[in-house]
Amino acid sequence: MEEATFTVASQQEDFEGTGYVAVEKIGPLDTPNEGINRLAQELIEHHDKRTTHMAPEIMNLDVVDVYGNEERHRAEVALFKRIPLVIGVSAEMREPGSFKTLNMLGLPLLITRDKAGVLHTFLNACTHRGAPLTNQPCGKAARFTCPYHAWTFGNDGGLIAVNSSDQFGDVDKSSKGLVELPCTEKAGLIFAILTPGLELDVDAFYEGMLDEIARYGYEDWHYLGTMDVKAANWKFGVEGFLETYHVPVLHKTTLNQIASGGRPPAQAFQSFGPHMRFVTATGQALEDMRSVDPKDYWTRELNNFRAIYNLFPNVAVPTGFDVIQIMTMIPGATPGEHTTIFHHITPKAPETEDEAAQLELNRQALVRIIVDEDYYINALVQQVANGDASFPLMFGRNEVGLQHFHKSLNWFLDGDANAPRPEISTSTHK
Ligand code: FES
Ligand SMILES: [Fe+2]
C-alpha cells in the first residue's frame, strides 16, 4: 500500500471567522472498508464529470402538510415512541455509577450505568407516587433517594428501601423497581425505545450501519460536553445534514471554506434501509488522491474526504473533524418546534489549557454555524409552514438524501410493512 502522506488536511482546516482551528490530527482509520472505497470512487467520478449523486426525478412535498400539520406531527411523535432512538453517547457516562437525566418527547428519563457497567434507561419516576428521583442533569450515584417520601432505589433500578415501611403496608420490593425501557449501546451511541416491553435490536434496525460507525471508535473518544438548541420543525434540522447543495450559498463565509468554493461539493450516497451515509470532499482534496490505488481509498477517509451519517429518523453524525458533533433532533410539543441535542467528542483529552480552550471554541463554532445559518433559515420556512397558504416544496434530483429521508419517513408513517421500501440506487453518474 502506498504510504499515506496527508498533504491535505483541508477536511478540517481552519475556517476563517468561525473560530474553528483543528487541535488533533485525525485518521487514517485502520481497517479497509469496501463500502467507503466504492463511495470514494463514485465521488471522484462525480468530481471528474462535474456531476453528483442524482435521484431519478424531482420530488414534491406540501410545505404545510409536512412541517406544519398537527396531525402529522402527532403521528411522527407516535412513530418516535415505537422505534430505537439515540438518547446519548457512551463517552458521556463511561464510569460505572454514572447517570444522566433527560426529557425525551415529554418523558422524563433516568439513564444509569450500574456497577457492572451495564446501561439502563428508566422512567425518572418513583414507583411510589411518581416523583422524579433526581433533577440533576448528570452525576454519579449508587442509589437514588426520592425527594418526596424517601424511597430508595439502586442504580440498577431495584427498590432498596421503603421509608417507614412498618406504616406503609406490605410492599413486594422485588416487583416495584423503576419502570425500565429497552436500552443498549453500540458504536459509542446509547439507544432506547421509549415504550416498555418493545424489542430493541439495533443490529436489525440500523441494518449494518452501526458496524460502519463503530470503525471510528467514538466510545473511546473524550467527551467535551452537550448543548441543547431550540429551533423549528425537527425535519429541517435533519435535512441540513443530508445535502451539500446549500453549503456554498448558505454557508458561503463559513463551512464553504472546507467545501468547494462555489459549486456544491459532489456527494455519493449509500442507504442502509432508511438510514444512510454519504461522502463528500473539496475538489482539491480529491485531486490530491489521484495517485492513490482505488483499493486504498479508505486510507484517505477523514483526511481527503469525509462521511456524514444519518441514523433514521433524527440523528446526524458528520465525521472528519477533530470535534465530532452527534446531533439528535427531538420533536417538540408542536410541529414548529424541536430541540437539537448536541454531544461533542474529540479523539483524546486535551493536554494543555490552550488545547482545551481551542476545543471549546471549536464546538461553539460548529454550533454557531448551525444556529446562525441553518436554523435561522429554517425558522423563516417554518413561518410559511405554520400558515394557510400552502404550496409544494421541491426536492431536487441532487437532493437524493432528502428524498430518501422523506420517502422512508412516509413509509414508516403509512405503516404498511408490505409496501416496497425506499432505496437509494447507486450513483447513476448521469
Ligand atoms: S413519590 Fe417517591 S417516595 Fe413517594
Ligand atoms: Fe448547513
Side-chain angles (χ1 to χ4, degrees), residues 11 15 17-18 20 101 108 110 122-136 141 143-155 157-169 171-173 175-179 229 231-260 263-265 267 278 280 282 306 308-310 314-321 324-325 327 329 338 340 342 365-382 395-396 398-399 401-402 405:
Q11 296 300 294
F15 17 110
T18 68
Y20 194 104
T101 58
L110 170 64
F122 303 109
L123 272 190
N124 186 10
C126 176
T127 51
H128 173 219
R129 281 171 48 208
L133 293 162
T134 174
N135 58 10
Q136 299 293 311
R143 49 181 59 195
F144 298 89
T145 298
C146 180
Y148 203 172
H149 316 89
W151 285 24
T152 298
F153 298 83
N155 61 10
L159 173 57
I160 296 172
V162 171
N163 180 26
S164 303
S165 59
D166 53 331
Q167 298 175 12
F168 189 86
V171 175
D172 172 13
K173 292 213 287 274
S175 70
K176 295 305 286 179
L178 298 175
V179 175
V229 170
N233 188 278
W234 67 276
K235 296 185 290 295
F236 292 130
V238 172
E239 290 167 357
F241 299 95
L242 284 174
E243 48 95 349
T244 58
Y245 189 28
H246 75 291
V247 173
V249 185
L250 185 66
H251 301 307
K252 190 175 165 92
T253 60
T254 53
L255 283 182
N256 191 44
Q257 297 183 46
I258 56 165
S260 62
R263 268 180 84 75
Q267 313 177 115
F278 69 94
T280 188
T282 66
R306 64 159 50 89
I308 296 165
Y309 290 80
N310 171 272
N314 69 329
V315 182
V317 186
T319 65
F321 291 94
I324 290 297
Q325 317 199 82
M327 293 166 276
M329 289 65 166
H338 96 274
T340 298
F342 294 84
L366 292 172
V367 172
R368 196 178 321 115
I369 292 166
I370 293 166
V371 171
D372 290 355
E373 299 178 358
D374 297 278
Y375 287 1
Y376 166 76
I377 284 286
N378 296 164
L380 299 177
V381 182
Q382 188 68 50
F395 295 87
N398 60 346
E399 296 176 298
L402 298 182
F405 167 59

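Whatever order the structure lists ligands and atoms in, that order sets their numbers, starting from 1.
Protein heavy atom closest to atom 1 (S) of ligand 1, with residue, atom name and distance, is R129 N, 3.3 Å.
Between the side chains of T254 and Y20, no donor N or O sits under 3.5 Å from an acceptor N or O. For the residue pair T244 and T280, no side-chain donor N or O sits within less than 3.5 Å of a side-chain acceptor on the partner. With 3.5 Å as the limit, one finds a donor-acceptor pair spanning the side chains of H251 and D374.
Here the Fe ion (ligand 2) is the vertex; the NE2 atom in H246 and the NE2 atom in H251 give an angle of 100° (to 10°).
Those atoms of ligand 1 that come under 4.0 Å of a heavy atom in W151, given as number and element, are 3 (S). Atoms of ligand 1 lying under 4.0 Å from any heavy atom of A150, numbered from 1 in the order shown and given with element: 3 (S). Within the listing of ligand 1, atoms 1 (S), 2 (Fe), 3 (S) sit less than 4.0 angstrom from a heavy atom of C126. Interface of C146 with ligand 1, defined as ligand atoms under 4.0 Å from a residue heavy atom, comprises 1 (S), 2 (Fe), 3 (S).
Taking 4.5 Å as the limit, some side-chain heavy atom of S175 sits within range of a side-chain heavy atom of D172.
Among the atoms of H149, none of the N, O or S atoms falls under 2.8 Å from atom 2 (Fe) of ligand 1. Taking backbone and side chain together, D374 holds an N, O or S atom under 2.8 Å from the Fe ion (ligand 2). Atom 2 (Fe) of ligand 1 does not have H128 among its coordinating residues (no N/O/S atom, backbone or side chain, under 2.8 Å).
When atom types are taken as modelled, the side chain of N155 and the backbone of A141 share a donor-acceptor pair closer than 3.5 angstrom.
A centroid separation of less than 6.0 Å is found between the aromatic rings of Y375 and H338. For an aromatic pair to be called close, the ring centres must be under 6.0 Å apart, and F168 with W151 satisfies this.
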